Amino acid sequence: MKEPDLPKRYEPASFERRWYAMWESEGYFTPDPDQTETPAFSIVIPPPNVTGRLHTGHALVNTLQDILVRWKRMSGFNTLWMPGTDHAGIATQMVVERELAKEGLSRIEMGREEFLRRVWAWKEDHKDQIKEQLVRLGVSCDWTRERFTLDEGLSRAVRHVFVTLFKEDLIYRALAMTNWCPRCRTAISDIEVEHREQSGKIYMLEYPMAVEGTSLIVATTRPETMLGDTAVAVHPEDPRYRHLIGGMVTLPLTGRTIPVIGDAILVDPEFGTGVVKITPAHDRNDYEAGVRNGLSQIQVIGEDGRMTAAAGDQFAGLDRFEARERVLEELEAAGLLRETKEHVNAVALCGKCDTIIEPMISRQWFVRIAPLAGPAIEVVRDGRVTITPQSWESTYFNWMENIHDWCISRQLWWGHRIPAFYCNCGEVVVSEEDSPSCPKCGSSDLSQDPDVLDTWFSSSLWPFSTMGWPDETRDLKLFYPTDTLVTGFDILFFWVARMIMMGIRFTGQPPFSKVFLNGLVRDEFGQKMSKSKGNVIDPMDAVDEMGADPVRFTLAILTSGRDIPLAKSRMQGYAAFANKIWNASRFSMMHIDTELRSAKPINRDELRMVERWILSRVNAATHEVNRALSNFRFDEAANAVYKFFWHEFCDLYIEMAKPVLLGKHGTQADQRRARRVLLEALDRSLRLLHPFMPFITEELWQKLGGVEPSIMIAPYPISEDVLDDPEAERLVTIVQEMITTVRNVRVERGFTHSDRFRLVIQADRTRDAAFYEANAYLLVELARLSEVVINGKASGDAHRDVVGGVPIAIDFPEKVLTEEQLARISRDIEGLEKELTGIEARLSNEQFIERAPAAVVDGARSRKKEILSRLKTLRQNLVVRTA
RNA sequence: GCGGGGUUAGCUCAGUGGUAGAGCGUCUGCUUUACACGCAGAGGGUCGGGGGUUCGAGCCCCUCACCCCGCACCA
């Protein structure tokens with residue numbers, strides 16, 4: 001035995017950065033471009049915002065990808081994980097505008113060119129932050145291929161797609177009702193609008209009829225829009241009002257008179273007063289009603305959220321919510337505010353800044369999406385693309401089948417500028433060229449559309465634009481379509497669906513065959529993390545505190561397909577696991593020379609039962625980990641390796657191997673063999689663990705003197721049938737249960753750790769008797785016995801039990817039972833009797849015998865036998881004096 | 001209104017027809033020479049309520065209750 005060259009505790013800070021630097025400099029993250037024969041495995045990263053910071057959601061999605069990527073790479077695939085970042089139009093522009101505001105600057109004053117220069121500078125300053133944080137996590141992305149959505153190559157792909165879709169009339173420009181964010185000063189698409197229930201007020205306003213002397217009452221939650229009303233509608237069949245159709249009402253505060261119209265689509269006579277005010281310029285339904293009825297549109301709210309001149313002198317320039325108050329005051333004064341009621345409604349908010357959306361008519365670019373959606377629905381239906389968890393497929397279909405055209409123009413400066421050019425002659429030129437000339441009048445004095453594209457437009461091309469498309473590159477040939485996409489369910493519509501549509505349209509294939517949607521990271525009580533709740537866990541703080549491996553392992557073991565309740569205590573628990581791995585390796589190194597790594601293969605015929613057992617168990621864990629990872633069951637995979645390593649390898653195998661390793665039992669040949677098996681089990685364990693805990697496994701592997709230069713390119717264990725050993729599992733399990741029984745009774749009898757007893761095993765079957773004889777030392781050591789007697793005679797007062805069908809007796813120095821043990825035995829007996837009643841009821845049921853599978857019936861019969869034998873034995877224990 | 005998910009041990013969650021599980025927490029011992037970030041042992045659940053199918057239901061079907069998440073509507 002020797003002192004290992006290893007600290008007593010797991011100290012991740014001492015090696016994590018070192019190994020990452022080695023992996024990267026050795027080029028292990030970069031696939032071999034010449035290996036066209038090897039099957040490829042590729043993943044593209046969901047690109048984080050270029051100026052963002054890593055949060056727990058990123059930590060999760062990237063840990064999961066890295067587990068898959070490392071697993072596949074070790075399993076022999078030519079593996080590419082494509083990294084990169086997203087320019088994130090609105091988000092980045094907002095951040096930089098905020099920074100400028102601190103200097104008292106605004107982008108408007110600064111101008112487009114200068115502003116963009118500042119954003120690029122900001123991007124350059126921050127672009128490495130996300131990468132550095134991902135590196136701390138240990139992700140094995142191929143950084144030599146790092147991409148950015150505004151790179152020249154990706155921008156070319158964007159222009160090519162835009163122009164192609166425009167030529168096919170799948171992109172068009174139109175005046176339409178759009179969601180306008182007065183704060184971001186841009187239109188946004190429908191899915192960027194969030195709805196939130198809010199309690200507010202609804203107002204009943206009186207609109208006097210111009211001639212009839214009566215009046216109509218309309219209800220509204222947005223009184224300021226009345227300034228832009230151009231009609232009042234009733235249901236054409238409504239007997240209360242239909243005679244008023246064609247008449248006029250005087251629109252209060254404006255002096256305008258507007259018509260009363262009949263519209264069966266807009267008006268539900270059952271709802272409210274049955275009269276609806278129509279503001280075509282500021283409400284989606286009203287807009288459509290306006291188009292149907294040829295009404296004019298009066299824009300009373302401007303792009304900045306302030307009232308326009310058209311709202312009238314007394315309101316112009318007011319913020320829309322100030323205007324609301326003023327309108328109400330004036331109506332009140334005029335006696336036309338008839339009623340104010342509490343009202344709950346869902347307000348539309350900008351998904352980026354929470355500002356209330358103002359519906360506004362504007363000229364925007366749209367993708368005609370239905371023709372693209374059809375094939376994208378098909379590939380999920382026919383299984384060419386699978387979504388896990390599968391329940392998301394219905395959500396996908398539901399959305400795709402009711403999809404609306406996608407507004408892709410944004411009134412921002414940061415992003416891909418729309419490749420449309422306007423000529424003074426009125427011609428619109430859509431071109432991939434930077435400065436096309438007008439095909440109609442020949443002029444070269446065209447002005448480019450000032451707007452940029454929705455960030456998600458470029459994101460939707462990510463799986464192939466990052467690989468050099470539209471050129472036919474080697475990357476595309478080798479790695480496209482990619483294999484798996486891992487991302488959060490929150491961007492299923494924003495990103496996943498659109499990638500599938502664009503991928504099919506432009507490459508003829510869906511961009512990936514499997515989608516794994518991970519849940520939302522929540523706090524330990526299932527609450528959303530938020531700064532205001534103060535329950536946010538910063539993944540980098542956690543990495544600093546505990547190491548990257550425990551953080552990764554925690555995220556993996558919590559990923560079952562639902563939301564992830566992340567708790568500090570969980571991470572601490574898996575930091576303890578890392579320490580366990582560390583110390584088990586440390587123990588092993590006390591017995592293993594590194595040259596054993598090159599030792600000859602294990603001769604299975606020489607193995608002792610416990611050695612056969614541990615190899616069978618490591619094989620079972622190997623099988624389970626591979627199976628679980630294939631099904632994206634990260635929790636099951638992590639659990640399998642955790643349970644195996646801690647509770648089987650450490651708690652049982654190492655303890656069972658100690659007598660031989662320490663030279664207390666067996667020959668020198670036994671000791672050599674035990675070392676070899678210990679190494680084998682540890683080696684396989686570390687490789688199994690590597691995708692989950694890359695750093696600690698590398699550190700330990702290197703200390704063990706691995707054959708390959710790095711564990712990350714060593715082969716991943718695969719299960720081998722030859723290692724499965726049911727006999728060893730059966731016998732060693734019985735030994736374990738015997739040990740537990742002795743320990744248990746020892747405590748209940750009030751004996752201590754150092755008291756030693758004699759154990760008698762009635763092993764009648766000759767083959768098993770030899771096993772117990774040969775392994776008696778295990779029981780002596782682990783159950784702390786004085787001696788084990790096979791088929792001997794126990795004293796009449798010994799504690800008796802039956803373990804795995806084998807009767808045992810523990811000879812205690814006193815025959816006194818404690819109250820506690822008496823109670824325990826009685827409880828055991830009661831439990832067994834209850835179970836017996838159940839089994840007997842089943843066995844006496846003819847239907848059960850007839851219909852249940854034979855294996856189940858046999859199982860019940862042998863269980864009955866076991867219970868009877870155990871009951872008989874346990875009852876003997878009660879026939880003694882009590883204390 | 002449409003769709004999806006959930007309700008299992010104190011907490012957070014696994015468990016898709018055959019004798020109820022994990023982590024953390026709790027209780028009791030233990031400085032056993034890899035590890036007290038440890039070892040050993042224990043306690044703790046009529047699997048949301050009701051009904052049905054089945055020889056057998058936490059698991060399948062129906063129904064009720066409550067919770068969560070999308071989408072749509074909201075004058």
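Within every chain, numbering begins at 1; the chains are lettered A, B, ... in the order of the sequence lines, protein sequences first and strands thereafter. Keep in mind that what you see is a predicted model, and the values were worked out from it rather than measured.
- Comparing B/A75, B/C35, B/G41 against the side chain of A/Asn583 picks out B/C35 as the nearest.
- For B/A22, neither phosphate oxygen OP1 nor OP2 lies less than 4.0 angstrom from any side-chain nitrogen or oxygen of A/Arg570.
- At a threshold of 4.0 angstrom between heavy atoms, the contacts of A/Thr752 with the nucleic acid are absent.
- In this structure, the side chain of A/Thr273 engages the main chain of A/Ile217 through a donor-acceptor pair within 3.5 Å.
- Among the atoms of the strands shown, none is found under 4.0 Å from any heavy atom of A/Arg522.
- Comparing B/C74, B/G43, B/A22 by their closest approach to the side chain of A/Asn345 singles out B/C74.
- Closest to the side chain of A/Val267, from the set B/G3, B/C24, B/A75, is B/A75.
- With a cut-off of 3.5 Å on both pairing distances, B/A34 has no Watson-Crick or G-U wobble partner at all.
- Picking from B/A34, B/G18, B/C13 the nucleotide with the shortest atom distance to the side chain of A/Cys650 gives B/A34.
- Residue contacts for A/Pro853: at a heavy-atom cut-off of 4.0 Å it reaches a base atom on one of the strands shown.
- A/Trp392 does not qualify as a stacking partner of the B/G4 base, lacking a centre-to-centre distance under 5.5 Å together with planes within 30°.
- The residue A/His647 sits close only to the backbone: its heavy atoms come under 4.0 Å of sugar-phosphate atoms, none of a base.
- Counting to the nearest Å, the C1' atom of B/C35 and the CD atom of A/Gln572 are 17 Å from each other.
- Put simply, the side chain of A/Arg824 never gets that close to the backbone of A/Val745: no donor and acceptor are under 3.5 Å apart.
- Between the CG atom of A/Asp635 and the P atom of B/C13 there is a distance of 13 Å, rounded to whole Å.
- Ring geometry for A/Tyr642 versus A/His647: interplanar angle over 60°, hence perpendicular rather than tilted (30 to 60°).
- Atom pair A/Asp283:CG and B/C73:C1' shows a separation of 12 Å (rounding to whole Å applied).
- Backbone-only contact: A/Arg586 has heavy atoms under 4.0 Å from sugar-phosphate atoms and none from a base.
- Residue A/Arg827 is classed as a sugar-phosphate contact, given heavy-atom separations below 4.0 Å to backbone atoms only.
- Nucleotides B/G15 and B/G21 place their C1' atoms 7 Å apart, quoted to the nearest Å.
- Contacts of A/Asp268 with the nucleic acid, taken as non-hydrogen atoms under 4.0 Å apart, include base atoms.
- Counting any heavy atom pair closer than 4.0 Å across all strands shown, A/Asp651 reaches sugar-phosphate atoms only and no base atom.
- Rounded to whole Å, the distance from CH2 on A/Trp399 to C1' on B/G70 is 12 Å.
- For A/Thr221 and B/C74, the shortest distance from a side-chain N or O to OP1 or OP2 is not below 4.0 Å.
- Note on A/Lys658: every side-chain N or O is 4.0 Å or more away from OP1 and OP2 of B/U32.
- At whole-Å resolution of the value, CD in A/Glu850 and C1' in B/G18 are 18 Å apart.
- Looking at heavy-atom distances under 4.0 Å, A/Ile654 makes contact with a base.
- In this structure, A/Gln736 places its CD atom 10 Å from P of B/G41, rounding to the nearest Å.
- Classification of the A/Phe751-A/Phe757 ring pair by plane angle, with boundaries at 30° and 60°, yields perpendicular.
- Ring orientation note: the planes of A/Phe553 and A/Phe577 are tilted relative to one another, at an angle of 30° to 60°.
- Across every strand in view, B/G1 sits in a pair with B/C71 that passes the Watson-Crick or G-U test at under 3.5 angstrom.
- Between A/Phe489 and A/Trp392, the ring planes lie parallel to each other; the angle is under 30°, not in the 30° to 60° tilted range.
- Between A/Leu843 and A/Glu840 there is no side-chain heavy-atom pair separated by less than 4.5 Å.
- In this structure, B/C60 and B/G52 make a Watson-Crick or G-U wobble pair, each of the two defining distances being under 3.5 angstrom.
- No donor-acceptor distance shorter than 3.5 angstrom exists from the side chain of A/Arg570 to the backbone of A/Leu558, with no hydrogens or angles considered.
- Pairing partner, B/G41: B/C27, with both Watson-Crick or wobble hydrogen-bond distances short of 3.5 Å.
- Phosphate contact (OP1/OP2 of B/C35, side-chain N/O of A/Lys8, threshold under 4.0 Å): present.
- For the pair A/Asn639 and B/G21, the criterion of a side-chain N or O lying under 4.0 Å from OP1 or OP2 is not met.
- Judged by distance alone, with hydrogens and angles left aside, A/Glu655 brings a side-chain donor or acceptor within reach of the base of B/A34, the pair sitting under 3.5 Å.
- For the OP1/OP2 pair of B/G15 and a distance below 4.0 Å, the side-chain nitrogens and oxygens of A/Arg633 include at least one atom meeting the criterion.
- Under the 4.5 Å side-chain criterion, counting only non-hydrogen atoms from C-beta, A/Lys341 is in contact with A/Met204.
- Of the candidates B/G5, B/C74, B/A22, B/C74 carries the atom nearest the A/His343 side chain, counting heavy atoms from C-beta on.
- Nucleic acid contact for A/Glu835: base, since at least one base atom lies under 4.0 Å from a heavy atom of the residue.
- The CD-C1' distance, from A/Glu748 to B/U28, rounds to 11 Å in whole Å.
- With hydrogens and angles ignored, a donor-acceptor pair closer than 3.5 Å exists between the side chain of A/Lys580 and the base of B/C35.
- Taking the P atom of each, B/G23 and B/G29 are spaced 22 Å apart, rounded to whole Å.
- For A/Ile202, taking side-chain heavy atoms from C-beta onward, the closest of the listed nucleotides B/U12, B/G70, B/A75 is B/A75.
- Looking at the side chain of A/Asn579, the nearest of the listed nucleotides B/C35, B/G38, B/G41 is B/C35.
- Using a 4.0 Å heavy-atom criterion, one finds that A/Ser754 contacts no nucleic acid atom at all.
- Nucleic acid contact class of A/Ala346 (heavy atoms, under 4.0 Å, all strands): base.
- Separating the P atom of B/G43 from that of B/C27 is a span of 16 Å, rounded to the nearest Å.
- Closest contact between the side chain of A/Phe271 and the listed nucleotides B/C13, B/A34, B/C74 involves B/C74.
- Pairing of B/A9, defined by two Watson-Crick or G-U wobble distances under 3.5 Å, is not identified with any nucleotide.
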